[in-house]
2 protein chains.
Amino acid sequence: MATATHCCENEEKIAHILEAAQKRFGLYGLGKTTMQEIASDLGTSKGSLYYYFPDKGHLFRAVVEKEQSLFLSFVEDKIRELTDAEMMLKAYVKIRQTYFRTFLNLSRFRLEDIREIKPLMEETWADFEKKEKVIIRKIFSKGIRDGIFSISELERTVSLFLHLMKGLHHRKTKNKGIFYLEPEEYASLIKDDNLFTEIFIKGLKYK
Amino acid sequence: MATATHCCENEEKIAHILEAAQKRFGLYGLGKTTMQEIASDLGTSKGSLYYYFPDKGHLFRAVVEKEQSLFLSFVEDKIRELTDAEMMLKAYVKIRQTYFRTFLNLSRFRLEDIREIKPLMEETWADFEKKEKVIIRKIFSKGIRDGIFSISELERTVSLFLHLMKGLHHRKTKNKGIFYLEPEEYASLIKDDNLFTEIFIKGLKYK
DNA sequence: GTTTTGACTATTTTGTTCTAAAAGTCAAAA
DNA sequence: TTTTGACTTTTAGAACAAAATAGTCAAAAC
């Protein structure tokens, strides 16, 4: 065990590793990043990384999970400030847009990379989806409670909303080998997101 | 030139080839189907196929285009029978579901296959999308004219609707190497489609 | 003249081996 | 407890041969 004065060293070290890994993975993807490079960036040795992470895949996963939880807590915070379900949903969509642009740097994660370690990541993606659904469900439930939304199948509607949004983003980014959008393509995606949200919200409202 | 009594032989032959090719492509995909197999199915020789189609890619494309135009004319017919924009849109979605299940046998076309001859097919997909948009635009326009839909950005809304639907289908079929859905997955997709259509229509309606 | 044929060539895919690079291990050192 | 770097193992890629398949064409059949 570490002494009292060094109680945070371990976590700090891990945080540093995650930071360095995130930079490399974010820029070059999983396949084009070596453990050696990450170690060199940190001025440490490769073997050291294996003291903290069992393998490259788990390091990658840790980076992704860190970004996911950053996104989730950011959304939670923003939503807590709001009182109106409609506003909440719009805020959620907006933050999600930003998240995919800046936080996770998904624009740089290559498609292949994500498939490469599919078995390991599957649980992570599923878990993230669950957590996103919790948020959306909360928003929809509030809307129902407040008498502005009329939703007969809550679970299916939550799932549908998320799938529609994911699908919308996916369609725009596929067909290219990598996740990357030209500025005007991105702007168009935002517009689509907003129009979608507007129509969907209106579609949920009481008449 | 063929004589009067044989005026349709050429087209008949082509139709036969398309039929045989469609069966093979539908079952095994582009990559796992050989020209020899198609020829053997027809009791003819490989060289004969090349008399009618310049190469395998063009044969594949012809099969896809035939299925696409079957779908389009079927939708057009159904919609002509209806008077209400809401019903039209629901009919369109329903036929689209059937189409992807039975007509095009997309469930069997493998993802890789479609990318394999991407440059050749790109125009075909784009053309199909245009034609789908024409139909959706017609329906939306009718809804506006009849005073049941309130749409400020018609073009974007048409495009959004199609993209949302495509995305919804895509999400369900990806993650597997091939387009295939278990019956209960398919049933769930249909339910999602219907809920989506309902919410979207409500979202378009005048208040 | 139109269509079909099958032997032909060209191209692509597949399997193999080899090599270099990177992943991952571990006993010794800090 | 953590780090190190030499070590072994695994994977990715290049190069090549072999097999399968696409695509051609002159001659034959209709």
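Within every chain, numbering begins at 1; the chains are lettered A, B, ... in the order of the sequence lines, protein sequences first and strands thereafter.
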Would you mind telling me which residue lines up with the more 5' stretch of DNA chain C, A:Ser48 or A:Thr33, judged by nearest nucleotide?
A:Thr33
Residue B:Tyr52, side-chain atoms from C-beta onward, closest of D:dT4, C:dT3, C:dT25:
C:dT3
Without decimals, in angstroms, what is the distance between B:Phe53 CZ and D:dT24 P?
15 Å
Whole-Å distance between C:dT13 C1' and B:Gln36 CD?
18 Å
Between A:Lys56 (NZ) and D:dT10 (C1'), how many Å, whole number?
13 Å
Starting from C1' on C:dT3, measure out to OH on B:Tyr51 and report it in whole angstrom.
5 Å
If the test is side-chain contact (heavy atoms from CB on, under 4.5 Å), which one of B:Met121, B:Gln22, B:Glu65 qualifies with B:Phe60?
B:Met121
Can you find an N or O donor on one side and an acceptor on the other, under 3.5 Å apart, linking the side chain of B:Lys46 with the base of D:dA22?
yes
Residue B:Asn10, side-chain heavy atoms: nucleotide from C:dT3, C:dA23, D:dG23 that is nearest:
C:dT3
Ion pair A:Lys202/A:Glu198, N-O distance below 4.0 Å:
no
Could you tell me whether A:Thr34 contacts a base, only the sugar-phosphate backbone, or nothing, with contacts defined as non-hydrogen atoms closer than 4.0 Å?
sugar-phosphate
Protein-nucleotide distance (B:Tyr50, atom OH; D:dT21, atom P), rounded to Å
12 Å
Testing D:dG23, D:dG5, C:dT4 for proximity to the side chain of A:Ser45, the answer is D:dG5
Measure the distance from CG on A:Leu49 to C1' on C:dC26 and round it to the nearest whole Å.
16 Å
Looking at A:Asp192 and B:Arg156, does any basic side-chain N land under 4.0 Å from a carboxylate oxygen?
yes
Quick one: are the ring centres of B:Phe196 and B:Phe161 less than 6.0 Å apart?
yes
Of the listed nucleotides (C:dA23, D:dT4, D:dT24), which one gets closest to any side-chain atom of A:Thr44?
D:dT4
